[in-house]
Amino acid sequence: MALRNLVQALNLALRQEMEKDDRIVLLGEDIGRQGGVFRVTEGLLDRFGPMRVLDTPVSEAGIVGTSIGLALAGLRPVAEIQFSGFMFNALHQLGLLAARFRSRSRGTFQVPMVVRSPWGGGVRALELHNESEEAVYAQLPGLKVVIPSRPRRARALLVASIRDPDPVVFLEPKRVYRSIREEVPDEEEIFPIGEAEIVRSGRHLTLITYGSMLQDCLQAAEQAERLHQISVEVIDLLTVVPMDTATIVRSVQKTGRCVVVHEAPRSCGIGAEIIARINEQCLFHLQAPVARVTGYDIPYPFFAREQSYLPNVARILDAIRRTLES
Amino acid sequence: MALRNLVQALNLALRQEMEKDDRIVLLGEDIGRQGGVFRVTEGLLDRFGPMRVLDTPVSEAGIVGTSIGLALAGLRPVAEIQFSGFMFNALHQLGLLAARFRSRSRGTFQVPMVVRSPWGGGVRALELHNESEEAVYAQLPGLKVVIPSRPRRARALLVASIRDPDPVVFLEPKRVYRSIREEVPDEEEIFPIGEAEIVRSGRHLTLITYGSMLQDCLQAAEQAERLHQISVEVIDLLTVVPMDTATIVRSVQKTGRCVVVHEAPRSCGIGAEIIARINEQCLFHLQAPVARVTGYDIPYPFFAREQSYLPNVARILDAIRRTLES
Amino acid sequence: MPRKQVAQFTVEYLQILDENGVADRALEPSLPPATLLQVHRMMVLARLLDRRMTILQQQGRLGTFPSVLGQEAASLGCVLALRPDDWIVPCYRENSALLYRGLPIKNILLFWMGAEEGCVYSPELRILPIPILIGSQTIHAVGLALAAKIHQRDEVSMVFFGDGATSEGDFHEACNLAGVYQAPVIFVCINNQYAISVPRSQQSRSETLAQKAIAYGFSGIVVDGNDVLACYVAAREAVERARRGQGPTLIECLTYRLGPHTSADDPRRYREEAERQVWEARDPIKRWQAYLERQGLWTADQQAELERELQAEIDQAVRLAEAELAQLDPLDMFDYVYAETPPDLLAQKREAAEYVRPDASVSTPARRS
Amino acid sequence: MPRKQVAQFTVEYLQILDENGVADRALEPSLPPATLLQVHRMMVLARLLDRRMTILQQQGRLGTFPSVLGQEAASLGCVLALRPDDWIVPCYRENSALLYRGLPIKNILLFWMGAEEGCVYSPELRILPIPILIGSQTIHAVGLALAAKIHQRDEVSMVFFGDGATSEGDFHEACNLAGVYQAPVIFVCINNQYAISVPRSQQSRSETLAQKAIAYGFSGIVVDGNDVLACYVAAREAVERARRGQGPTLIECLTYRLGPHTSADDPRRYREEAERQVWEARDPIKRWQAYLERQGLWTADQQAELERELQAEIDQAVRLAEAELAQLDPLDMFDYVYAETPPDLLAQKREAAEYVRPDASVSTPARRS
Ligand SMILES: Cc1ncc(C[n+]2csc(CCOP(=O)(O)OP(=O)(O)O)c2C)c(N)n1
Ligand SMILES: Cc1ncc(C[n+]2csc(CCOP(=O)(O)OP(=O)(O)O)c2C)c(N)n1
Ligand SMILES: [Mg+2]
Ligand SMILES: [Mg+2]
């Protein structure tokens with residue numbers, strides 16, 4: 001198996017799927033000649049030509065709306081929105097239209113499409129290049145939302161997303177693009193949408209996260225064990241919509257304590273939903289309030305202040321300890 | 001005091017504020033000659049003329065973006081989006097730009113504006129004319145979100161929203177527009193943004209809601225009392241962002257039981273956030289899981305099915321009883 | 001070379017059938033009599049259906065709906081230029097064109113009766129379901145057309161939208177992308193002079209809507225939208241260009257909404273009766289009937305007979321639609337959100353099952369317009 | 001009247017100063033020498049600042065930033081036509097124009113150093129802060145202009161955006177609204193031939209970007225964007241029309257981005273060095289200097305002296321900016337979200353206080369372009 005970073009793993013998934021299925025078409029800003037601003041589509045224009053890899057004008061609603069039309073015509077569009085904050089320019093097309101063709105036509109019309117986008121902060125990028133808008137999609141039923149945290153699963157989930165018969169928003173933690181390398185097999189690998197993964201098992205507390213925060217959570221868990229003899233179970237959601245409630249509940253029933261971590265603002269975030277489901281399904285197993293370590297309810301600051309905005313190992317570790325003490 | 005329905009109460013607020021403050025300008029689709037599709041702006045074009053009441057082209061991003069510019073120039077725009085589902089066409093302007101001028105400029109630039117919009121379902125309207133997208137704004141810090149439930153408070157809150165120095169999304173439950181009449185004084189009345197109201201006090205359970213669901217909640221509370229001797233305290237949030245956590249927590253600490261009700265989809269909705277805050281601040285006062293009676297995680301159906309989608313008295317009453325039994 | 005002209009553009013206007021149904025011989029296309037008669041049949045059907053829906057709406061058997069009265073010619077005339085394998089992307093007033101393509105009356109009724117069943121079209125119709133979000137469908141049409149280009153098939157897609165829709169960003173992005181990729185799409189703007197209460201003159205400062213095509217590097221033309229022949233000829237030229245790989249065209253059809261915006265609207269608030277009368281004189285169906293009679297293809301008796309026949313078709317469709325509505329299972333709204341319903345959603349469905357409400361009762365909507 | 005022409009449009013091109021700095025006498029405006037020299041000073045300052053920022057970025061003292069190299073003339077030339085009470089709504093490459101209006105160098109540095117402090121402008125500058133969302137600022141400019149109209153003041157607003165921005169729906173809605181309300185706004189498109197890697201030819205099929213104005217019923221003109229005089233004259237005409245209540249104008253300034261899109265971009269991936277050289281020959285500053293020298297207003301010695309002077313100004317601004325950056329309190333990010341911070345947000349601020357992290361360290365961004 002070859003060591004690959006996230007960018008290479010995603011590129012592999014796109015290349016191999018495009019080779020297997022010529023209905024797959026890529027479109028987005030600067031994804032052709034440029035290979036994408038993060039190089040995820042590098043080399044695909046040369047390999048598959050301008051009819052399958054389309055550089056688009058600066059036109060997010062156009063990219064998403066065109067993808068809907070391509071999908072309705074039987075193709076399998078994989079669109080790139082250059083940064084996930086720009087999804088808001090296309091949210092009517094994505095959340096009100098792509099998401100509803102199936103339901104409004106009782107399955108007669110289907111929109112199998114993927115919208116990929118670099119997501120989240122932590123790379124000293126410009127304003128509006130650091131958004132974590134995943135919870136917004138949870139209020140727009142008909143969409144699925146996948147947020148991988150590491151190269152191997154990311155590749156397997158992108159394959160699943162491309163083959164999914166419904167619109168999938170695939171958010172790529174840009175902070176992870178080049179920071180982690182993993183064994184990613186050349187052979188096809190697919191990981192089901194909707195399944196969370198227990199990436200570290202533990203007895204005292206359940207730590208739930210997704211995306212770039214997984215690394216901080218794993219470090220915090222390791223330190224909790226080493227410095228405080230706290231055994232932490234870490235769950236990587238991988239898919240945030242629909243959520244794998246069963247895995248969450250089983251773990252919390254076992255540990256009785258839970259901390260949720262995400263970069264997005266706190267209010268009405270994925271963390272709130274996790275807490276609501278724990279409340280509904282295993283409230284009386286809780287020995288302490290579920291703690292939220294999240295971005296604050298303020299706009300993501302310009303990068304000189306971002307490290308004070310983002311959750312980090314210290315914040316997560318403290319939350320773990322407080323949750324155990326209470 | 002005169003009896004007024006919601007439409008008349010809002011019209012009163014607009015008219016009186018415009019008379020007091022000539023910086024106030026209204027803009028939106030069909031708000032002039034037509035007086036708005038629900039007649040909220042009826043008569044204002046005649047009264048204040050075409051320079052203060054602007055009929056716009058079909059251009060939601062344009063309406064919100066122009067309002068930003070008007071506000072930056074020192075005016076007080078009150079925009080109407082014809083139905084709140086169409087806010088998604090302007091969400092980049094509203095949620096990424098209007099919401100951030102203050103923070104990105106450390107208060108140098110301010111955007112005092114109101115975006116009003118008919119909101120929610122239950123009136124057999126067309127597809128996409130029934131959305132409840134309030135939780136989406138909670139993930140877009142910098143916005144305030146007000147959702148009145150009855151004429152008198154609606155009028156007083158609209159006055160507060162117009163005078164607020166920050167962008168306010170003012171959502172009007174269209175189901176209530178003509179269904180309730182209340183004494184609404186001619187004299188100026190103002191109700192602060194950010195304060196919830198206990199509209200019925202009770203001992204056994206706290207029922208939290210906002211907007212059109214208040215009526216169903218009050219009926220359910222009344223029946224619970226009459227048929228099952230359950231004393232229900234009803235909280236009308238009125239402002240959903242920022243939320244009046246203190247009032248919620250105080251009530252739940254007293255009753256130990258809680259049901260939250262809203263039309264919007266369940267996942268990551270306002271209800272989830274309420275549960276998360278209860279979990280954080282008074283978990284051990286809970287004698288039962290907080291129940292959510294909400295719209296389901298599916299697109300709002302065409303109107304032939306909407307009554308099976310919307311929460312109603314029966315669903316709320318059952319949730320109250322189950323919560324008391326467990 | 002200090003100050004020089006670098007580009008020049010013109011916009012044309014086309015009318016073939018005058019208001020008395022007399023055709024300009026030089027421009028008149030030769031369509032088979034059967035087609036001419038079928039066009040008539042479908043325009044009349046659309047008009048009768050409109051009347052029926054108005055009554056059904058007043059009886060509370062149908063929700064708010066947009067009248068097509070006076071606009072029966074434009075989209076139908078354009079669709080005449082299409083092959084069955086070309087895509088039609090309608091707006092919500094394309095009844096005559098959709099019926100011509102073969103959409104059952106029942107679908108139109110069910111849609112405005114508030115049932116998703118109205119959007120269940122058989123795939124070979126190549127029609128997208130009626131959109132609600134103004135302007136949004138124009139981009140979908142570009143995607144359909146681009147797919148044909150990618151497949152190297154010579155299908156085109158034809159999309160309909162109103163004068164108001166041209167103000168939306170979606171329309172702009174659709175036209176720009178279509179131009180860039182030279183996608184085989186025909187943009188048909190049904191300019192009925194109003195967007196609800198806002199007159200055309202306040203929708204855009206441009207002298208014509210057709211000239212908006214200049215912004216995207218393709219051509220636009222204005223046609224008499226109450227003249228089936230002009231719409232057909234303009235569309236035929238556009239379709240031929242598109243099939244030859246010469247890209248999109250924008251056609252502006254000048255017509256008028258004789259009725260209210262929807263059954264909930266009162267046009268007296270924003271327009272003069274006199275204006276309406278001017279346009280009533282240009283009624284596309286009267287005009288077409290005169291054209292047919294002049295050629296000896298049609299008589300008053302045939303008209304009476306036709307209307308009886310179509311009324312019966314409509315009666316039958318209403319019966320079918322209402323029967324289907326009565327059968328409808330509210331709970332299955334959970335079954336079509338995703339190809340496979342996730343476990344938590346199945347749980348919500350079970351929860352909902354306890355409270356199913358058949359929506360027989362029709363409350364009058366608070367909405368006014 | 002079967003088939004007739006109903007509208008005709010033309011687009012003009014304007015150049016006054018040729019590539020050797022020779023002005024067309026017939027068109028040359030008479031600007032006071034002091035202004036000509038100030039223009040030169042600001043263009044040179046913008047260029048030196050660009051160089052300095054490149055170095056700071058390489059040293060990790062500044063984040064990703066967009067180079068203005070080669071584009072110093074266009075926005076400055078247009079802004080010459082404004083009064084101090086007219087609004088400037090910039091994009092992110094308007095350094096020369098903003099410096100001319102009086103924006104401190106420090107603000108530009110702080111913005112690209114990742115500090116909101118960079119957007120703290122004194123109100124009398126009448127400049128909106130640099131936007132990030134492409135095309136979005138065009139609508140804000142319409143609002144500013146409309147406010148002037150409502151106040152019955154004769155101020156105008158001038159908004160800058162790129163060739164890529166013309167593809168966004170926001171640009172369309174802005175132009176359409178400006179046309180409808182005849183708002184006094186001047187739309188200035190800085191066509192530098194690329195939107196990151198996408199060449200102008202693939203951004204839109206239209207022959208010129210100026211002709212997009214036709215879609216909105218106002219006029220558009222193409223100018224040599226490396227010619228300060230042409231930009232000034234075109235802007236002056238547009239501003240006069242706007243003040244007279246004759247509405248908006250679209251000015252397309254033809255120029256070229258000689259540098260990368262941003263410090264993270266590598267243009268070799270998408271364009272030929274040869275193309276760049278063609279444009280280097282058209283360098284706006286060289287051209288302007290020649291123009292000044294020809295009039296005996298400038299010498300090589302003065303140039304050397306000026307550059308020393310400006311370097312010192314920049315040194316000073318860098319010191320100020322970095323001092324402010326060092327002082328910056330991350331926690332105050334909570335204080336400017338709302339005029340009055342709600343209680344729950346104050347609680348979050350207290351929570352955050354325990355973890356404040358001064359961001360001295362500069363990690364190289366994963367982002368490439
Ligand atoms: C995005 C969006 N904005 C607003 C509306 C509300 N609305 C419905 S029809 C209409 C007018 C559309 O006018 P036009 O495009 O001319 O079509 P017409 O109704 O005249 O056929 C408006 C504003 C909508 N449905 N979608
Ligand atoms: C809405 C939006 N989409 C995409 C981007 C990413 N982006 C930043 S600059 C740019 C190219 C803009 O090109 P142009 O308008 O020509 O301006 P230039 O950079 O050439 O000056 C893009 C696509 C963005 N910032 N905002
Ligand atoms: Mg219209
Ligand atoms: Mg450019």
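Every chain is numbered from 1 and lettered A, B, ... according to where its sequence line falls, protein lines coming before strand lines. A quick note: this is a predicted structure, and the numbers were derived from the prediction, not measured. Hydrogens, waters and symmetry mates play no part in the numbers below; they use all other heavy atoms, side chains included.
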(request) Assess the side chains of A:Glu263 and A:Ser212: does a donor N or O sit below 3.5 Å from an acceptor N or O? (result) yes
(request) Using distance alone, with no hydrogens and no angle criterion, decide if A:Thr206 and A:Ser251 have a side-chain donor and acceptor under 3.5 Å apart. (result) yes
(request) Sort B:Ser267 into side chain, backbone, both or neither according to what part of it lies under 4.5 angstrom from a heavy atom of chain A. (result) both
(message) We want to know whether A:Glu134 and A:Trp119 form a side-chain donor-acceptor pair, criterion being a heavy-atom distance below 3.5 angstrom.
(response) yes
(message) Working note: B:Asn130 + B:Tyr309, criterion side-chain contact (heavy atoms from CB on, under 4.5 Å); need CA distance, chi angles, decisive distance, verdict.
(response) CA-CA 11 Å; B:Asn130 307 287; B:Tyr309 174 87; over 6 Å; no
(request) With a 4.5 Å cut-off on heavy-atom pairs, point out which of A:Gly271, A:Gly95, A:Ala291, A:Ala135 contacts chain B the most. (result) A:Ala135
(request) Would you kindly say whether B:Tyr300 and B:Glu131 are connected by a side-chain donor-acceptor distance under 3.5 Å? (result) no
(request) Using a cut-off of under 4.5 Å on heavy-atom pairs, state which of A:Ala61, A:Ala288, A:Cys282 scores highest against chain B. (result) A:Ala288
(message) Taking side chain as everything from C-beta outward and backbone as N, CA, C, O, which of these in A:Leu286 sits under 4.5 Å from a heavy atom of chain B? Side chain, backbone, both or neither.
(response) both
(request) Would you mind reporting whether B:Gln281 and B:Val249 have side-chain heavy atoms less than 4.5 Å apart? (result) yes
(message) Does any backbone or side-chain atom of A:Leu94 lie under 4.5 Å from a heavy atom of chain B? Answer side chain, backbone, both or neither.
(response) neither
(request) Could you tell me which portion of A:Glu127 (side chain, backbone, both or neither) has an atom closer than 4.5 angstrom to a non-hydrogen atom of chain B? (result) side chain
(message) At a heavy-atom distance under 4.5 Å, which candidate from B:His92, B:Glu60, B:Met243 has the highest pair count against chain A?
(response) B:His92
(request) Indicate whether any N or O donor in one side chain lies under 3.5 Å from an N or O acceptor in the other, for B:Ser84 and B:Glu133. (result) yes
(message) Which atoms of A:Phe284 are under 4.5 Å from chain B, going by heavy atoms: the side chain, the backbone, both sets, or neither?
(response) side chain
(request) Among B:Pro301, B:Gly269, B:Gly142, B:Ala99, single out the residue with the greatest number of heavy-atom pairs under 4.5 Å to chain A. (result) B:Gly269
